[in-house]
Amino acid sequence: MCGRFVIDYSWAEIHAAMDIIPTTAVGRNDPARYNVAPTQDIGFLCEREGERVVQDGRWWLVPFWAKEIPKYPMFNARSETAPEKSSFRESFKSKRCLIPASGYYEWTKADDGGKDPHFIHLPDKEPFMFAGLWAHNTNLNITSCTILTAGAHPQIAELHQRMPIILGELNWQNWLHGDTLDADAKALLNDNRGGELLSYR
């Protein structure tokens with residue numbers, strides 16, 4: 001899963017590293033964030049009316065049909081079941097997004113009974129994109145998003161049995177595109193960079 005993540009690059013730096021980011025986002029003056037938590041607002045990349053935009057939204061998906069903010073965890077969605085689950089089905093069809101990050105945290109049980117945090121990242125801590133879903137709920141006037149997860153790659157499975165999907169660059173465009181069919185979109189999620197991840201306590 002992914003319950004905390006880091007984004008320590010400016011949008012100008014993300015734009016320089018990832019040409020899929022629209023130039024309109026370069027001037028965003030968001031500070032570096034080292035402990036982004038569920039329910040906080042984050043910036044994510046999506047398509048609206050055929051144009052790529054950076055949208056702000058709550059990291060805890062609120063389905064378009066919800067009458068209140070869900071109390072059960074909605075900051076992650078299992079990629080294996082998201083296309084069929086009522087909470088995520090419509091978003092998977094046409095509201096897919098990319099969430100920039102530079103790492104995330106998992107915790108393991110410490111010898112003293114507490115918990116040890118582990119920082120998980122790509123080599124050189126390069127910025128990357130989580131595969132996600134987003135929604136807009138007009139009843140509550142809330143835009144929100146969630147991060148898709150899959151079974152953990154063997155090299156980090158000792159930290160947690162699930163991991164966020166870090167989508168490969170070649171599939172960013174098709175993932176965002178609203179005309180990409182469900183089955184094709186689900187297949188894109190196999191391009192997960194989990195095998196490249198490194199971690200330290």
Side-chain angles (χ1 to χ4, degrees), residues 1-7 33-48 54-101 103-110 113-120 128-153 156-167 175-176 178 182-183 185-190 192 194 197 199:
M1 62 180 297
C2 178
R4 292 285 194 281
F5 72 88
V6 171
I7 176 66
R33 299 171 68 183
Y34 298 97
N35 192 21
V36 183
T39 75
Q40 293 179 347
D41 279 356
I42 60 173
F44 59 86
L45 182 65
C46 64
E47 276 195 359
R48 301 196 78 161
V54 173
Q55 175 76 54
D56 290 300
R58 175 189 179 94
W59 179 28
W60 185 291
L61 194 92
V62 181
F64 76 94
W65 44 260
K67 303 300 183 187
E68 61 182 10
I69 295 173
K71 294 180 174 59
Y72 46 90
M74 295 285 282
F75 54 91
N76 287 164
R78 295 177 68 94
S79 60
E80 299 91 339
T81 58
E84 292 82 39
K85 289 195 71 171
S86 61
S87 296
F88 307 117
R89 184 171 54 235
E90 291 304 313
S91 292
F92 199 94
K93 286 181 180 179
S94 60
K95 286 184 169 59
R96 297 180 291 269
C97 67
L98 295 169
I99 300 170
Y104 70 101
Y105 300 104
E106 291 293 359
W107 285 260
T108 58
K109 188 173 182 179
K115 291 185 176 181
D116 286 331
H118 299 260
F119 185 61
I120 304 167
F128 56 76
M129 292 287 196
F130 291 131
L133 307 174
W134 71 280
H136 180 72
N137 183 301
T138 55
N139 299 317
L140 303 172
N141 193 27
I142 292 176
T143 299
S144 60
C145 63
T146 189
I147 293 172
L148 287 161
T149 67
H153 191 275
I156 59 167
E158 64 179 3
L159 302 179
H160 198 281
Q161 71 271 23
R162 305 285 299 174
M163 63 172 292
I165 293 176
I166 298 173
L167 194 64
W175 175 251
L176 292 180
D182 284 16
K186 192 169 183 178
L188 295 177
L189 297 176
N190 293 323
N192 186 353
L197 290 171
S199 70

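The figures here come from the full heavy-atom set of this structure, side chains too, leaving out hydrogens, waters and symmetry mates.
For residues 135-153, the side chain to side chain donor-acceptor pair (under 3.5 Å) pairs, not counting sequence neighbours, are His136-Thr143, Thr149-Arg162. Residue pairs meeting the salt bridge (Lys or Arg N to Asp or Glu O under 4.0 Å) criterion with at least one partner in residues 34-48, sequence neighbours excluded, are absent.
Residue Phe5 is tested with Tyr105, Tyr34, Trp59 for a ring pair (Phe, Tyr, Trp, His ring centres under 6.0 Å); the sole match is Trp59.
The aromatic rings of Phe75 and Trp60 sit tilted relative to each other, their planes meeting at an angle between 30° and 60°. In this pair, Trp175 and Phe92 present their aromatic rings perpendicular. The plane angle is above 60°, beyond the 30 to 60° band.
The two residues Phe130 and Cys2 have their closest heavy-atom pair at CZ-SG, 4.1 Å. Closest approach of Ala131 and Leu98 over heavy atoms only: CA-CD2, 4.5 Å. Ser87 approaches Pro63 most closely through the heavy-atom pair O-CG, 3.8 Å. Among all heavy-atom pairs drawn from Leu148 and Ala82, the shortest one is CD2-CB, 4.0 Å. In terms of heavy atoms, Ala157 sits closest to Ala152 at CA-CB, 3.9 Å.
Here the CZ-SG distance, from Arg96 to Cys46, works out to 12.0 Å after rounding to the nearest 0.5 Å. With rounding to the nearest 0.5 angstrom, the CG atom of Leu61 is 7.5 Å from the SG atom of Cys145. Of the inter-residue distances, the one linking Leu189 atom CG with Ser79 atom OG reads 5.5 Å to the nearest 0.5 angstrom. Between the CD atom of Gln55 and the CG atom of Leu45 there is a distance of 10.5 Å, given to the nearest 0.5 Å. If you take CZ on Phe128 and CD1 on Ile99, they are separated by 10.5 Å, rounding to the nearest 0.5 Å. Rounding to the nearest 0.5 Å places CG of Leu133 at 11.5 Å from CD of Glu90.
With sequence neighbours excluded, the residues forming a salt bridge (Lys or Arg N to Asp or Glu O under 4.0 Å) with Asp116 are Arg201, listed by chain and number.
Side chain of Lys186 to main chain of Glu80: a donor-acceptor pair is present (N/O by atom type, distance under 3.5 Å, no hydrogens or angles). The backbone N or O of Ile166 lies less than 3.5 Å from a partner atom in the side chain of Asn192, making a donor-acceptor pair. Not one N or O on the side chain of Thr108 forms a donor-acceptor pair closer than 3.5 Å with the backbone of Leu159. When atom types are taken as modelled, the side chain of Arg33 and the backbone of Val6 share no donor-acceptor pair closer than 3.5 angstrom.
In this structure, Phe119 has its ring center no closer than 6.0 Å to that of Trp107.
Contact check for Met163 versus Ile120: no side-chain heavy atoms found under the 4.5 Å cut-off. Between Arg4 and Pro38 there is a side-chain heavy-atom pair separated by less than 4.5 Å.
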